[in-house]
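For reference, the structure is listed below as structure tokens.
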Amino acid sequence: MLYFWLHMKKNHHHKKKPGFFKKWSAKLHLWFGLGIGFLIFIISITGALYVFKDEVENITRKDVIYHQEQNIEQKQVLPIRVMEKAVAEQVKEKYPIHWVNVPIDKKMSYMFFWYEHNTDAWNYFDEFPIYKQAYVNPYTGKVLRVYDEKNGFFNIVKMIHWSYLLKQDWGTYVVGIPVIIFIIMLISGIILWWPKNKAARKQRFAFKWKNIKSWKRKNYDLHNVLGFYASIFALIFSITGLFYAFFVVQAMIYVIFSGGETKYPDFSHIKTKAPVELRTEGTLDKIINTVQTKYPDSYGFAIDLGHPHMDDHEHPNFEVYVKHLSYSYHKSSSLIFDENSGELLHTHDPKDKNFGEKAVSANYDIHVGAILGLPTKIIAFIVSLICASLPVTGFMIWWGRKKKKPLKTA
């Protein structure tokens, strides 16, 4: 008994207490986790659900994405204003059509959008009175199908992720602040995870469940091992998410990747100068033909139809956005046209952008995992699910310790 007592005392004497830094990292990790765990779960699970939006819609909408018109080599696309009037007559919305997406592939339908933004609202459903999309056969003007994007599954998922269905102006902060705390939790989690020695290191990188039956131990390993492997990607997705909540993050990303540039390129001085008398029903068709000729290998582009809208914010010039890839937005061009004459005034291609501009352009694709197509989307999906699991497994660790019964003394 004396030997046993001395042996226990010796072991107890050599057991190191956690350092001050690690101790407070653990406290912060716990307090923050209990405080924002549910919010992070919502952000993460909606992020995972949104990842494969395009893939799902490409399957469910395939019959209208492609118009199926025959012998198109011998046919002409309708003038855009004629097509617009035909669409408006068929759909009969009280709001004017906002813009049209024009595909380069002649087999694909044109996409007309109704989109109005009410800046006086306090929630998502009132903030956007309408957000609809119509797929249209450009050779006949026939509306193939209309989708109510505002009330669609993926857009509601996106807006929960974006602002918890609150007004964007401040809803993004309500999401952004928990994400900042989550970043602190990721860093503190890595500090807590960091192995003290070689023996501990072996256990931190993989599941060692061969002789483990305790659910508490398995839950603990799920939290630590999965959390570690997801942490780097989770940090990237979190920072690119903060890009949309805080202007300072946008500015920092641009300044860092541009090599210290503090002024973002501004082309607002390039404006329409031709007299309004030169604007005709065919001006937009001239612009469309110019873009199609200039970028025959691109995916498509968007044309604003020029009507007044609820949030009639200033458009310093008539800009056309060209999307070069079907799966990603980061490779894009911006063209400025004279709105009256249809003359091309300025071109800004990927080769003209500094690295800061490219980083800003790629932010969305990095955030949703679309930057390299399907492989990075799969990574984003898995990491989002792991991030959603961390508050759950973390809570179970805390609850298990809280409910731990003290050992009975003889």
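Atom set for the values below is all heavy atoms of this structure, side chains included, hydrogens, waters and symmetry mates excluded.
- In summary, the aromatic rings of Tyr254 and Tyr264 are positioned with their centroids under 6.0 Å apart.
- Other residues, nucleotides and ligands contribute over 12 non-hydrogen atoms within 6.0 Å of the CZ atom of Phe125.
- Contact between Asp126 and Ala121 at its shortest, heavy atoms only, is C-CB, 3.4 Å.
- Below 30°, between 30° and 60°, or above 60°: for Tyr115 and Tyr131 the angle between ring planes is above 60°, a perpendicular geometry.
- In plain terms, the two heavy atoms of Asn317 and Ile270 that are nearest each other are CB-O, 3.0 Å.
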Q) Under the side-chain contact (heavy atoms from CB on, under 4.5 Å) criterion, do Tyr327 and Asp54 qualify, and how do the steps go? A) CA-CA 8 Å; Tyr327 61 87; Asp54 291 342; over 6 Å; no
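- More than 12 heavy atoms of other residues, nucleotides or ligands shown are found within 6.0 angstrom of CH2 on Trp170.
- With contacts defined as side-chain heavy-atom distances shorter than 4.5 Å, the pair Ile336/Phe267 qualifies.
- Side chain of Glu116 to main chain of Ile130: no donor-acceptor pair is present (N/O by atom type, distance under 3.5 Å, no hydrogens or angles).
- Lys158 has its side chain out of reach of Lys53: every pair of non-hydrogen atoms, C-beta onward, lies at least 4.5 Å apart.
- Under the 30°/60° scheme for interplanar angles, the aromatic rings of Phe395 and Trp399 are found to lie parallel.
- In summary, the side chains of Asn137 and Glu69 do present a donor paired with an acceptor at a separation below 3.5 Å, with no hydrogens or angles considered.
- Of the possible donor and acceptor atoms, none in the side chain of Ser341 sits under 3.5 Å from a partner among the backbone N and O of Ala274.
- Using a 4.5 Å cut-off on side-chain heavy atoms (C-beta onward), Ile397 and His223 make contact.
- Side-chain contact between Glu281 and Pro79 is absent, with no heavy atoms from C-beta onward closer than 4.5 Å.
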Q: Step by step, work out the salt bridge (charged side-chain N to carboxylate O under 4.0 Å, His left out) result for Lys286 and Glu343.
A: CA-CA 8 Å; Lys286 180 180 178 181; Glu343 179 189 356; over 6 Å; no
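- Minimum interatomic distance between Ser109 and Pro103 (heavy atoms only, all atoms of both residues): O-CG, 3.4 Å.
- When all heavy atoms of Pro316 and Lys271 are compared, the closest pair comes out as O-CG, 3.2 Å.
- Judged purely by atom type and a 3.5 angstrom limit, His67 has no side-chain atom pairing as donor or acceptor with the backbone of Lys142.
- Residue Lys85 qualifies as open at atom NZ: its count of foreign heavy atoms under 6.0 Å is 12 or below.
- A side-chain N or O of Ser328 and one of Asp365 form a donor-acceptor pair less than 3.5 Å apart.
- Taking 4.0 Å as the cut-off between side-chain N and carboxylate O, Arg145 and Asp63 count as a salt-bridged pair.
- Not a single donor-acceptor pair under 3.5 Å links the side chain of Asp349 to the backbone N or O of Asp352.
- When the ring pair (Phe, Tyr, Trp, His ring centres under 6.0 Å) test is applied to Trp162, the partners found at least two apart in sequence or on another chain are Tyr244.
- A salt bridge is absent between Lys106 and Glu73; no separation between the charged side-chain nitrogens and carboxylate oxygens falls under 4.0 Å.
- Under the 3.5 Å distance criterion, the side-chain polar atoms of His307 are left unmatched by any main-chain donor or acceptor of Pro96.
- Figure legend: Arg61 and Tyr135 shown without cation-pi pairing, the cationic atom not lying both under 6.0 angstrom from the six-membered ring centre and within 45 degrees of its axis.
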**Q.** Verdict with supporting geometry, Gln168 and His117, side-chain contact (heavy atoms from CB on, under 4.5 Å)
**A.** CA-CA 11 Å; Gln168 284 187 114; His117 185 201; 4.2 Å; yes
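- Counting heavy atoms from C-beta on, the side chains of Phe337 and Val320 come closer than 4.5 Å.
- Between Glu339 and Val276, the closest side-chain pair of non-hydrogen atoms is not below 4.5 Å.
- In this structure, Lys323 contributes its side chain and Ser326 its backbone to a donor-acceptor pair below 3.5 Å.
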Side chains of residues 236-243: which donor-acceptor pairs under 3.5 Å do they make with residues two or more places apart or in other chains?
| residue | atom | partner | partner atom | Å |
| --- | --- | --- | --- | --- |
| Ser238 | OG | Ala234 | O | 2.7 |
| Thr240 | OG1 | Ile236 | O | 2.8 |
| Thr240 | OG1 | Phe237 | O | 3.0 |
| Thr240 | OG1 | His367 | ND1 | 3.1 |

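- With 3.5 Å as the limit, one finds a donor-acceptor pair spanning the side chains of Ser334 and Glu319.
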Q: Apply salt bridge (charged side-chain N to carboxylate O under 4.0 Å, His left out) to Lys150 and Glu127, showing your working.
A: CA-CA 10 Å; Lys150 171 186 168 179; Glu127 185 177 7; over 6 Å; no
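- Looking at Arg81, its side chain does come within 3.5 Å of a backbone N or O of Leu305 through a donor-acceptor pair.
- For Tyr66, the OH atom sits in a loose shell: 12 or fewer heavy atoms of surrounding residues, nucleotides or ligands are nearer than 6.0 Å.
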(Q) Could you go through Phe154 and Val56, starting from their C-alpha distance and side-chain angles, then the distance that decides it, and tell me whether this counts as side-chain contact (heavy atoms from CB on, under 4.5 Å)? (A) CA-CA 10 Å; Phe154 282 111; Val56 171; 3.9 Å; yes
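- To the nearest 0.5 Å, atoms CZ (Phe381) and CD1 (Ile386) are separated by 11.0 Å.
- The closest donor-acceptor contact from the side chain of Glu84 to the backbone of Ile80 lies at 3.5 Å or more, if one exists at all.
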Q: In sequence, state the C-alpha distance, the side-chain angles, and the governing distance for Phe318 and Leu345, and then conclude on side-chain contact (heavy atoms from CB on, under 4.5 Å).
A: CA-CA 10 Å; Phe318 191 83; Leu345 303 177; over 6 Å; no
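- Judged purely by atom type and a 3.5 angstrom limit, Lys62 has no side-chain atom pairing as donor or acceptor with the backbone of Ile59.
- Other residues, nucleotides and ligands contribute over 12 non-hydrogen atoms within 6.0 Å of the OH atom of Tyr321.
- Taking the six-membered ring for Trp and thresholds of 30 and 60 degrees, Phe41 and Phe38 have nearly parallel ring planes, at less than 30 degrees apart.
- Of the candidates Lys353, His324, His348, His324 is the only one forming a side-chain hydrogen bond (donor to acceptor under 3.5 Å, both in side chains) with Ser333.
- Proximity of Ile287 to Leu344: side-chain heavy atoms (C-beta onward) are nowhere separated by under 4.5 Å.
- Under 3.5 Å, the side chains of Asn155 and Tyr124 contain a donor-acceptor pair of N or O atoms.
- Here the closest non-hydrogen pair linking Lys132 and Val146 is CD-CG1, 4.2 Å.
- Looking only at side-chain heavy atoms (C-beta outward), Ile104 and Phe301 come within less than 4.5 Å of each other.
- In terms of heavy atoms, Ala362 sits closest to Ile371 at CB-CD1, 3.9 Å.
- Using a distance-only test at 3.5 Å, with no hydrogens or angles considered, a donor-acceptor pair links the side chain of Glu357 to the main chain of Asn354.
- With ring centers used as reference points, His98 lies 6.0 Å or more from Phe113.
- With a 6.0 Å radius and a threshold of 12 heavy atoms from other residues, nucleotides or ligands, Lys167 has its NZ atom above the threshold.
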